[in-house]
Every structure is written in structure tokens, then in C-alpha cells.
Amino acid sequence: MKKQTLSFTLNDQAESIEIAPRTRLLDALRVDLGLTGAKEGCGTGDCGSCTVLLDGKAVNSCMILALQAEGRDVTTIEGLGKPGSLHPIQQAMIRSGGIQCGFCTPGMVLSLKGLLDQNPRPDEAAVRVAISSNLCRCTGYSKILDAAKTVIDGRMPPGAADGNDGAVGSRMARTDALEKVTGRAVYAEDVQLPRMIYGALVRSPHAHAKLLSIDTSAARQLPGVKAIVTGRDVEMGYYGYEVRDQRVFALEKVRFVGEPIAAVAATTPDIAREAASKVKAEYEELPAVFDPEEALSMGAPLVHDDVNVYEFDWESERKGNLCYKIEIGEGDVDKGFEEADQVIEGSYETPEAHPGAIEPHSSTAMVDSSGRATIWTTTQKPFAFRSYLAAALKRPLSSFKIIPTHIGGGFGGKLFPCLEPYAVLLAERSGLPVQMTLTREEEMGATLLRHPSKVELKTGVKRDGALVAQRVRMLFNTGAFGPYGPNTAALASLMASGPYRIPNLEITGLIAYTNNVPNGSIRCPSGPQMAFAVETHLEKVARAVGMDGLAFRLKNAWEDGDTTCTGQALDAVSVKECLQKAADAVEWGEPRTPGVGKGLACNWWVSGTWGTQTLIETNEDGTFRLISGCVDMGTGGMTTSVLQMAADGLGVPVESIQLVRGDTDTLPWDHGHGGSRMVFTIARSAYEAAKNLKQQLLKEGADYLEASVDDMALENGQVFVRGDASHSMPLAKICYNRHKKHGGPMIGVSSVLDDAPATTKAHPIGGLPAPSFCAHAVELTADEETGEIAVTRYAAAHDVGKVINPTGCEGQVEGGVAMGLGLALMEELREVNGKVLNPSFADYLLLTAEDMPPLKTILVERPASEGPFGAKGVGEPPIAPPTGALANALAEAMDVNVERLPLTPEEVVSLIGARRS
Amino acid sequence: MINDFEFTQPRDVSEALEALAEKGRVMPVAGGTNVLVNMKRAPLETDLLVDLTRLEALEPILSDNGRIRLGAGVTFARLLEWRPGGAVEGLMGPMCVAFAGPLIRNLATVGGNLCDASAAADASPPLLALDACVELESATGGSRTLPLPAFFQGVRKTARRATELVTGIEFSKPEDDERWFYYKLGKRKADAISIVSIAMTVKLAGGKVERARIALGAVAPFAMRVPEAEGILQGEPLNDSTIAAAAATAARESRPIDDFRATGAYRRQMVEALVKRGLNEVARRGK
């Protein structure tokens, strides 16, 4: 192909390169010019992560051919501000907390610059419009709008992060904000290695078929192809989470549309995809099953011939397409229904949903001469990935070294291997480093999704509103494989009563295999599904007994001493406080205006835990290295709260603690980032390690000063005898002496693995440590004719136990509300015959800045009895209540019965058509 | 998967027309916001890509003797800043606000939007309601103009010949008392592909409809007028019964399909509701 010359101005410098005409401006910047600040989230102009300024105007660099920029002026994030001389927008983004995972940040900053250069004093509506093409999945846009306001007003908003005051409770800015806001942070696809080639997958076009043969000969003949691998060339083992039912390639049969059957590597991504399309497979189609009820019925096609051959950690009935079944209960439900004055039934459904990270999966692997693989990848669980890979490829754990890159949004979508095994196999066969990145279409069409649910509820209630009995049947469709199905059902069983006292409970959870795309463990797994079912249903129950939704909930809500369905006794219960505060924020008690609806929903959730180990090591100058194997998927807990608590435990300024970034060879083992565990588990471990190290420092000081360790203190960089300032020693000197004269650093260590709180009934998950509680309230109107919903007010009250970093906590709530509202209003992956119909950000919609309603975040502090400071998890719970709160507000506004999500305009119109009388 | 084509960037219209007349497969590209989406999904079926972004002659918006001419290369961002007043602004303004998002508006052109001829193309309904014509030029065939309904020929299919370039869009400036209505129904507030969009202009005289143009997007293979519904209104006053009849007729005339954005039934129901809403608003605005 003939190359053509592109001459243009790039970040104020004249630039001239030879490129193929097909090269997009984005590729020219990222690949040819090495400027990786512009990201590719979709490649179809729907996400804005590739935004650059073209002659001062913000545009998608994926929508322009590089040659179209001939003679023009292009500004990328690298040209905007550098560390030390940041643009005011960049400063404001750091200080306001407008950055979480950071993947959208360069584009967001440039869109704001494009606006402010044209109009230095836009109102908030204009700012929302200007960033409405830039999708952010983390922040809910609130803090980005704060940042814009900061710049427009020329001053800090009240309470914004001011420098790195790292005290517990302060708004310390995240320590990785600078590299993210300047576009320097390295994400998985930014990794570039010498001689690197690119991989692509060959995927099944059938939902269920025998795989008769694979012919790779035509693909092999394509110039540039370096390696091809199929399931027949590899020794494969089964891998998974609770259940090991999956192999990296389909072998005898394919079980879902998109299941990998082969992988190809070539010198360019285009050739790799071309070669993948030339791999020919012969199939014999089999009857398929897509509906989970049908899958569990007699005579349904079997997705797996015998589910009992797979290793499984939990006890369960398993047969046919039943992947997992959980049953738990309390009292006598039938007797409870007899005692009840009314018994209300309902059935509620939620669709398949995507985690929606803007960064697609990407992995790069290199295999050394001993056969050991190094893998740069976007993962929430680097250590677990070693063991998944070891099982999948039947090799020792030590064969894999995982280098976690920055994660451009996780949300549970990066808890399980995606491209890693294929990249390793291709790197091995080609002898070259191999990078693989999913297209947005593959990302939406064939990665782990949120389980669709069908929840049936039957509830008995007394005339006075007291709940007496509830039977719940929950059915989740896990698709062709069940890596996280059992976990989802087990968590759902805990949520089936909501945070309410119900003396008689009967809960059944079922996970069905089908020939759909497999589902995973997406942020707050089962939470939004259960909050929708339980909270929508209980509102119906409240209406049946003529009670106000708030009064009904306050009557039945848990209090200290109440027990969950597993018999776990609860303390630090704050449901009522959250309910009251959220309700007050939308003026719940005020008389209703016709057509305006208000809705409430609450939820409870787990805080962590799983094991981790943190080390804090002295440097010879009296500063410290904090070493943890936990990655930060973008929430920022690692780069704020963990450091804040470590600094508090040591009694040193937070700036003196450096967070070590490493890999699975060098860092201590950790379970991974998920389960709302960053503060509760990791920061706690850091705090304990800090206290442990402080004790060692005091001891060292005491020995030098010939004092008792009990009399020692550490303040202002000095270790001294309390009450005797003349007996002191600089921290730096203690560390120096130790390093140079006494054999190396001092290391504080802490391993955390909580014993789960006691339960009276057996349950695979058991007691939940430090449960958190929350309540959301919403006000909305809906267009009677078109069904469009306008959310006019939203309040979210969250009990976080203790606020370690307010900016971080608010960011989790705001971003979680945005995600929950998306699930309530617009997010739905539609599969027909196992094929996803809308695998793009054009048709799988996330909330934009214009859709985000005014939000009031209320942080409640009811400290947990466990751990220092009493902090509880906040990462996951905010996404659960919006589904129920929206449904309840709509039910009130339009007098309808909501039974499924999302509440698209069409769904609302159909509800109005079937209006309850 | 492999896109292999040459690229040329003509400096003026005649150079562009010559390029389009070259042998082999030739494809023009303007803002690129459709062409590059297509290119991401499958190789472009072209040997030569002709970039139109340097054709200054396609950029002006002219108003002369009661005629308005939009250069085909006018971007939606530029259209959004345009303040022609009256029905033109009343239709084009909100259409531009609802068109994709600001990043795409900075690139996409009105000519490109019409040539892509998506059923849901946002520019089509307002321009149909303004009775616009498309100007086409070619190196050998001179120029011709086609009314929009004749320009649209099928799903992403137009009357443009491969050697032709759409250079402008022309329509008569409506009189000051022309009334209008615009609505785009999508699944979210910004950057949504329309489920249904509607644009109408209505001229009333003596309390009766002298002329109504009602245009619909996303409810047929390409944007359409609803001549029967318009005919029902002709010479009639706007009252509950004429409005209801026109709305029901428009719904019948629409040919929506089921897709994951909406069912055909809902789209048809929305055509009726929005035509009714529009005509009611038009009637109210006169009082």
C-alpha cells in the first residue's frame, strides 16, 4: 500500500510523517507518533475518549483520517500542560476529584478546553452539553462539572481537595491524578514493545453447535500472519471461580455466539482480523436454549452434557442445565401467609447489562526463552489471573508474571481472564510479543455481563404494615458458563429480604446455563436486580395496606440486633437514618403534585474482605514505601484512603509514603480489587502495617535513646521521649542507621483475613463483615404520551461508617448513582438467538452529562465495630437502589405497575397502556 | 478487514469533480463520521477516497432573494450558531442540538448527513419540512437539483451518481408567519439515535391550513413526508377532528420497523402522538 505524507502542526510543533491513507488520526497519534493520551474506547465516535482539538475544536480523532488533518493544527492532551505547568482545567480536575479511572480524562479535559476557549463563562447547562459526547463511567460527571465551575469562576469550590493534606477525613487528591490528567498514565493498550505483533480471535457464529473441524490453511497463507492456534494445539484445563467449567477454546462444541475457537497473530491488527476471518470451521448446529426457565425444564437442550464432571467448590444440587441452587429460610412461610392480612405477589425482570468500562480489554504477552510469560494487562485480580491461567493452560503458577497496568474502568468486567491466555499462546508460538485488544463490538458482544434476572416474590403483611412472611424465587441466567453464577445467587439470597425484618422467609436462588453470552460478577452482583425486585414489590405491599412508602419502610427496617436470613446479628444498622435523610432531601412529606412521582429504595451490602498483605518499608531517608498487591481499578482508594490510613497509623505526612507499583513477581499476594474491599480491607491492612512499623521505629528510637519504648512518641519527623524534647532523634537518622549499619530496612507487615461474622445457618458466603446501608430517593415526571422520564431530583444517603476521604466517597456514590440510573432507564443488551443486537455505545447507552440529574449525596457515619475508624465499603452499593427508587417514583407519577427494566420511553408507554385501575 | 485505498484532497470543487470522475471505485468523504464508522466495521469499498473538507465553496450559508442555500460542507456546529430566525431556526436549531454530540457536530456536515441517507438522519426531516432541494454537480453532466423526496431512494441509497458531488441544499425562506414544530424522541438526552423525529411547517391563512408539510424520520427506510396527512389538513381549520385525522393518517403512512431501539408499533404510536402534539402547538401558537 502506498504511503502518503501528512504534514501538520501537532502540539505547536511542525510534524511530518509517512502514513497509509487508511490511518485514522487516532492511530497516527498513538502508533506512529507515540502519543497515547488519546484513547480508543469504541472507534465509532460514541465515547469521546479519543478527543483531540482540531483547529481548536474538540473532535473524535477516531472519526478523522490522519491525512484529513493535512496542514491543520492538532492539540492532544500531551500538548496541553505538563507536570509543573498544568492547564487550569487539569489542576481543577485533580483538585475537584473529577478523575477516577482516568481513561476518559484526556478527552474530557480537551472538550472542556474547546468550550472554554470559545466561551470562557458558560453556564452549567452549556458545560453539560460540551462534555455530553465524552462518556465517563466512574464519576457520574458531578465532580467534572465541579472542576469546570472551578475554572469558570476562577476559584476552588467549597471543600475541594486542597493539595495533599493526607489526614484521615481530608480531601486528599489521588496520587495518580497527575499522570492521568496529563495523558501519561499507561493503560493496557498503551503498552508498546519492540517487534510487537497483534492478535485476534476467531469466534463461533453459532449459539450451540458441534465443532467438526477447523481449517487454518487459508489464514496461514496471508502475508504477515505469524501464528495461529486452536484448541487442538493446546493442552487445556478447566478454569473458573466457584465452578471450573470453561476452557480457553471450544473443542467438541461451541456453546455461545462469540466463543473463541482459534486465535491468530499477525504484524498488524488489520491483518490479524483478516486472517481470523479466513479461518474456516465446520459446524453441525444443535438445538439451543436461551430462556432460563426453559433451560431448567425437562427435555431442554443440554448446554453441558454433564455438569457434575466440573470441579465445584460449593455444595449444590446440579443437574441438566442447573448450574447452582441455593435455598435458605427462616420460620414457616406458609404459616406466615395464613397469619397475614394480605398476601401480595409479583414478578420482576431485569435484562442483561454490560459493566460499561470505557476501556476495552487489552493484554500484551511476551514469553521468554524459558517459556515463562510476562503479561501486561488490565486486571482487577492480577494474582488470581496467575492461577486461572495455570489451570487453563495446565502449567505451574510460576509460569506467569502479571504486570497490571492502569485500569480504564473495571466494575467487575476485569475480574476474569479475557485475552490473556490467547496472547500467551500466540506469543509462545510466534516468539514475538503479542498485543490483543477487543473491539467495542467484541467487548459488548462476548465478555462477561451482568446476570439477567427474574425474581418472583410473595409477601404476607399485617394490616398495620408489619411484614410477616416472604417467599422469593430468583432465577439468574448465567449463559454458557458460570464463572460467577453461584456467587451471584448466593449474594442475591442475602439481599432477598432487603434490609427488613421478616420473621418467615423462604428463599430459593437458581442459576441456569443457557446458550447466551456468559455472565460475570459485575459491580454489586445481584444488587440492582434484587433492589429492583424487592423494593418495587414492597412498595406494592405498602400500597396494598394503604401505607406511605417511607412509613412502611421505617416500620419494617432492620435495627441493631436484628438478624439476616443467615442468622447474622447486625450492629451499626443505619437503614432508618439513611431512609429519613434521603426522603427529607426530596421533601418526601410535601403534598404531591399530580404527574410528579417520588420513590424510595434502600439496600444493604458487604464491605470486603478476602485476604491481603501490606508491607510498609522504611527508606534510608526516613520516607516509606507502601507495598500492596492490590490494584486500583480506578476508584482511587489505593491512591488516597490507603495512604491516608497508613500515614495516620505511622504518624507521618502522607507525602512521605510512596505507593509501589509492581507485578505478581514482586508484590505480596492479594485477592484483587472488588467487593467494596479497598478501604475496609486494604486500607485497614495498611493501617495495621503502619502501626506495626511505628512500633519498630519507636523501639529503635528507644534503644538509641536508652528509654523505654512505652515512653516514646513519633511526631514531626522526630522520635522522642514523651515529655522530654531533649531526648529525640530524627526519623531519617533512625532509618539511615538501620539501613547502613544494621542490615537493611524496617518493614511493617499486616495480613488481613477476617473471620466472617457468625451466622446460625450454613451459607456459602456466610456472614457479611461490616454491612453497609443506604437509601435513595428520587423525584421524576414522565411524558404521558411519549413515555420519556425526566428525573428532577435525586438524593443518595450512604452509611460509610467513617469517611476516610470525602471526595472519594462522594465520587463512588455519584458514579454509582449514574450507573444505577443507567440500569433503571436505558441499559440493556438485547440478545436474540444468542446474538447481541446492540454491541456498541451508540445502542447500548450509558448516561451522558446531560442525563445526570441534580444529585444530593449524603454521607452517614455509623462506625462498624470491626476495624479501625469503623469504615464500611462504598464502591458497590450506590448502583443498587436507583432501580427500585425509579420504579417506585414512576409507579406513583403515572399510576402504573413496574415489573421490568429498563424504563425506556416505550416501556413507560406500554405501562401507561396497561395502567392499573 | 484491510482498507486499501488512495486518498486525495482536492483544493476546489472542479478538482473534486475530476477526482470523482476517475476510473475505479471512488468515494467522497466530508466530516467522516459515517465513513469512518463503516471503515471500522468492514473495508471501505473504494479505491480512492476524495476528501471534501478543503472545499471552501461548500462552506458558506447564503441568503438571497428569499432563497437560502446551505453549502453541503456546513458542519452541524456551524448550523447551530446560525440565527436565521423563524421557522428555519425553529426547526434547524433544535435539530442541531439533538444531533449526535458536540464532538461529532464539529465534524459532520449537512451534505454528508443527507448523502448517508440513514433512515434516522437528523437533518432530513427539517429539510423535508422546508421543502429543500439538493444541488448535485459533476465534471461532465453539469449540475442538477433534486427535491429531497426524489433524492432519497432507499435504505442508505440516494439518487446521487458516483461521479456527482452534492454541493448545496436550497430552500425558500419561509414567510414570517410560517409555523413550525420539531421533536426528536430518543432514549437519552444527548447523543441518541432517534426513535422517531418529526418536523413540520404549516402556513395558515384565514384560520385554515393553506399548506402543511409534515416530515418524519426513523419510521421508514428513509426520511419521508406524509402527503395524505398533509392533504387532509389542506384548506381545513386546525381543530381536534382534523388534527386527529391527520395524525392517524400520518401514523398509517409511516412504515416503521422493529429494532432494538423501539418496536414498529411504538414508533407508529409516537408518529400519531407527535403529529397531534405538533399540530396542536402550531394551532396554539397562532392564538
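All heavy atoms count here, side chains included; hydrogens, waters and symmetry mates do not. Order of the sequence lines sets the chain letters (A, B, ...), proteins ahead of strands, with each chain counted from 1.
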(message) At a 4.5 Å cut-off on heavy atoms, which part of Thr786(A) comes close to chain B: side chain, backbone, both, or neither?
(response) both

(request) Would you mind telling me which of Gly48(A), Ser132(A), Pro905(A), Ser133(A) has the largest number of heavy-atom pairs within less than 4.5 Å of chain B? (result) Ser133(A)

(request) Considering only heavy atoms and a distance below 4.5 Å, find which of Arg188(B), Glu272(B), Arg54(B), Arg277(B) pairs most often with chain A. (result) Arg188(B)

(request) Search all heavy atoms of Leu67(A) against all heavy atoms of Gln9(B) and return the closest pair with its distance. (result) O-NE2, 3.6 Å

(request) Select one option (side chain, backbone, both, neither) describing which atoms of Leu44(B) are under 4.5 Å from chain A's heavy atoms. (result) neither

(request) With a 4.5 Å cut-off on heavy-atom pairs, point out which of Gly32(B), Ala190(B), Ala192(B) contacts chain A the most. (result) Ala190(B)

(message) Please give me the minimum heavy-atom distance between Pro21(A) and Phe7(B), naming the atom from each residue.
(response) CB-CB, 3.8 Å

(request) Identify which part of Thr33(B) has an atom lying under 4.5 Å from any heavy atom of chain A, answering side chain, backbone, both or neither. (result) both

(message) Tell me whether Lys187(B) is salt-bridged to Asp851(A), with the criterion being a basic N under 4.0 Å from an acidic carboxylate O.
(response) no

(message) Could you check whether Glu788(A) pairs with Lys189(B) (Lys NZ or Arg NE/NH1/NH2 to Asp/Glu carboxylate O, under 4.0 Å)?
(response) no

(request) Go through the atoms of Thr51(A) and report whether side chain, backbone, both or neither lie under 4.5 Å from a heavy atom of chain B. (result) side chain

(request) Return the set of residues passing side-chain contact (heavy atoms from CB on, under 4.5 Å) with Tyr198(A) (not counting sequence neighbours), or none when no residue passes. (result) Met196(A), Pro269(A), Gln435(A)

(request) Please state whether the side chain, the backbone, both or neither of Ala66(A) comes within less than 4.5 Å of a heavy atom of chain B. (result) neither

(request) Please report the closest heavy-atom contact between Val37(B) and Thr44(A), naming both atoms and the distance. (result) CG2-O, 3.6 Å

(message) So for Gln269(B), is it side chain, backbone, both, or neither that comes closer than 4.5 Å to the heavy atoms of chain A?
(response) side chain

(message) Report, in residue-number order, which members of residues 89-108 of chain B are under 4.5 Å from chain A by heavy-atom distance.
(response) Gly101(B), Pro102(B), Leu103(B), Ile104(B), Arg105(B), Asn106(B), Leu107(B)

(request) Quick one: list whatever passes side-chain hydrogen bond (donor to acceptor under 3.5 Å, both in side chains) with Glu56(B), sequence neighbours left out. (result) none

(message) I'd like to know which of Thr53(B), Asp191(B), Thr263(B) tops the heavy-atom pair count under 4.5 Å against chain A.
(response) Thr263(B)

(message) Checking an interface table here. Which of residues 249-262 of chain B come within a heavy-atom distance under 4.5 Å of chain A?
(response) Asp259(B), Phe260(B), Arg261(B), Ala262(B)

(message) Taking side chain as everything from C-beta outward and backbone as N, CA, C, O, which of these in Ala58(A) sits under 4.5 Å from a heavy atom of chain B? Side chain, backbone, both or neither.
(response) both

(request) Report the option among Thr268(A), Asp46(A), Leu825(A), Asn838(A) that has the most heavy-atom pairs separated by less than 4.5 Å from atoms of chain B. (result) Asn838(A)

